[in-house]
Amino acid sequence: MRRLGSALLCLSLMVGCGPTSPAEPSTPSEQPTSEVPANQDASLTTTNVDIAPECQGILTFANTAAPATLDAYLPSDLVLNLVSRRSTAPLTTVAQLSSVHLMGPVRLTQLENGARAHGLITSSCVGILDELALSADDAAAVVSLVNTVSSSALYAILPYAWNGATTLLALRPFTSVQAISNANGIGAVSLRNLRNAATMGYDLEVLVSAVNALPEGNWTVKMDLAFDIQSVMNGEYGNDRLAYAQCFGIDPATFPNNRFTNRANLADATEVHNYVASAANTYEYQGQIPTSVINDGLDDLDARTAGGTFKGCHIGYNDGPWAGIQVHFFVNVTTGFRILTVQHWVE
């Protein structure tokens, strides 16, 4: 997955300038349990989640601590909001914690401090930074990545954080993930992208960046790993000349018009691979992207999508009598991983 080597050396010539654009909650006892969850012995976080296994105790504290215990760490009005929220269903992500009214970065840290004080997390959990709960191993991997990755690969990992990537390159080497989080231009999305790249690999981001950096021609391909589903369906990449729109697993209530249809079955990893490979290989015969970059990127894609099921759409537009646009996107229904390809052709 991380077989970059000479491929990155070649790629730096193309993208060195950067991109173009469960059950009912248990009744809280007077004190939360101090037993550390058994799954806290994981080494690296290899899924796109916002909390490492070593940090799950933060959620345990938020879900089970008695109001009087929470009140020692959080303002009373926030405690009321948190207790009310968890009474409907247990909180399972940092994002859900953050969405509790009055819960901000400072309050998340205070909640983390409570979990640590009650023995629910240890030094194996660094804590919550930019709404991401990092393990010590994750943090070390992020620091190593930022300090050693090539500039072209870093811009590929952070396609929408040009300023952040530039800042990291100027300030490295870093000694802590906190310093990386504090860098200008680095926020929640950027830090998560860095964590994912450090723990899961980043050959796919390199491939996406390489495709997007190529000049437009008679057949232009673009890819995206951070798109908005509704914006795409509403015509972000097309026009009013919709030719077809077949979706799968998408709520029909969100369809922009009655020409959108849903097929019965979700997509699998093979379908995702086939569409992405088709888009990537559009340029391969022209020799503009090294074959190794394409192959490594597709291997990375396969590792991230293995065993998954995906919702998404296949959308086509007529763009004049001799031109068209094909849009294909997939979103993992469990992890949220997403990828989109856009192919614009002109005869």
Side-chain angles (χ1 to χ4, degrees), residues 3-21 149-166 168-169 185 189-190 193 197 202-228 231-232 235-243 272-301 313-330 338-347:
R3 301 189 305 276
L4 297 177
S6 60
L8 274 181
L9 182 61
C10 296
L11 183 62
S12 66
L13 299 176
M14 295 188 291
V15 298
C17 296
T20 58
S21 350
V149 71
S150 70
S151 60
S152 58
L154 185 60
Y155 284 117
I157 293 165
L158 302 176
Y160 304 105
W162 169 269
N163 291 336
T166 301
L168 295 180
L169 291 170
V189 173
S190 300
N193 285 346
Y202 46 90
D203 289 328
L204 180 58
E205 282 79 4
V206 170
L207 172 59
V208 169
S209 184
V211 169
N212 292 343
L214 291 175
E216 295 186 1
N218 289 339
W219 193 287
T220 299
V221 177
K222 299 297 180 184
M223 295 185 183
D224 196 350
L225 297 170
F227 56 91
D228 177 74
S231 296
V232 175
E236 180 178 359
Y237 296 98
N239 53 29
D240 58 353
R241 303 178 68 177
L242 179 67
V272 177
H273 174 98
N274 289 342
Y275 276 93
V276 176
S278 175
N281 283 308
T282 298
Y283 286 112
E284 184 177 20
Y285 72 93
Q286 300 176 14
Q288 297 187 63
I289 299 178
T291 301
S292 59
V293 170
I294 295 177
N295 291 342
D296 290 349
L298 293 176
D299 286 347
D300 191 359
L301 173 71
C313 292
H314 300 303
I315 307 172
Y317 298 92
N318 293 320
D319 194 17
W322 307 108
I325 301 170
Q326 300 173 6
V327 181
H328 311 281
F329 71 82
F330 305 89
R338 59 193 59 200
I339 187 164
L340 171 145
T341 68
V342 180
Q343 301 181 58
H344 189 169
W345 58 271
V346 178
E347 291 186 1

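The structure displayed is predicted, hence computed values, not measured ones.
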Going by the angle between their ring planes, with limits at 30° and 60°, are F330 and Y275 parallel, tilted or perpendicular?
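Taking Y275 first and then F330, their aromatic rings sit tilted (interplane angle of 30° to 60°).
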Name all residues meeting the side-chain hydrogen bond (donor to acceptor under 3.5 Å, both in side chains) criterion together with [X]; count only those two or more places apart in sequence or in a different chain, and write none if there are none.
X    : answer
Q326 : none
H344 : D319
S190 : none

Mind checking side chain to side chain contact (heavy atoms under 4.5 Å, CB included) for [X] and listing every partner two or more places apart, or none if nothing turns up?
X    : answer
V189 : N193
D228 : Q230, S231
A243 : N318

Between [atom1] of [X] and [atom2] of [Y], what distance do you get to the nearest 0.5 Å?
X    : Y    : atom1 : atom2 : answer
L214 : T220 : CG    : OG1   : 9.5 Å
L158 : T166 : CG    : OG1   : 9.5 Å
Y202 : L154 : OH    : CG    : 9.5 Å
I325 : Q343 : CD1   : CD    : 11.5 Å
H328 : L340 : NE2   : CG    : 9.0 Å
S151 : L168 : OG    : CG    : 12.0 Å

Over all heavy atoms of both residues, which pair between [X] and [Y] is shortest? Give the atoms and the distance, please.
X    : Y    : answer
V276 : M223 : O-CE, 3.9 Å
T282 : S278 : OG1-O, 3.1 Å
I294 : A280 : CD1-O, 3.8 Å

Considering only heavy atoms from C-beta outward, does the side chain of [X] approach that of [Y] to under 4.5 Å?
X    : Y    : answer
I315 : Y237 : no
V327 : Y317 : yes
L207 : D300 : no
D296 : V206 : no

With side-chain contact (heavy atoms from CB on, under 4.5 Å) as the test, would you mind laying out the steps for L204 and I339 before giving the verdict?
CA-CA 10 Å; L204 180 58; I339 187 164; 4.2 Å; yes
Using the test ring pair (Phe, Tyr, Trp, His ring centres under 6.0 Å), find all partners of F227 that sit at least two apart in sequence or belong to another chain.
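Result, ring pair (Phe, Tyr, Trp, His ring centres under 6.0 Å) vs F227: F329.
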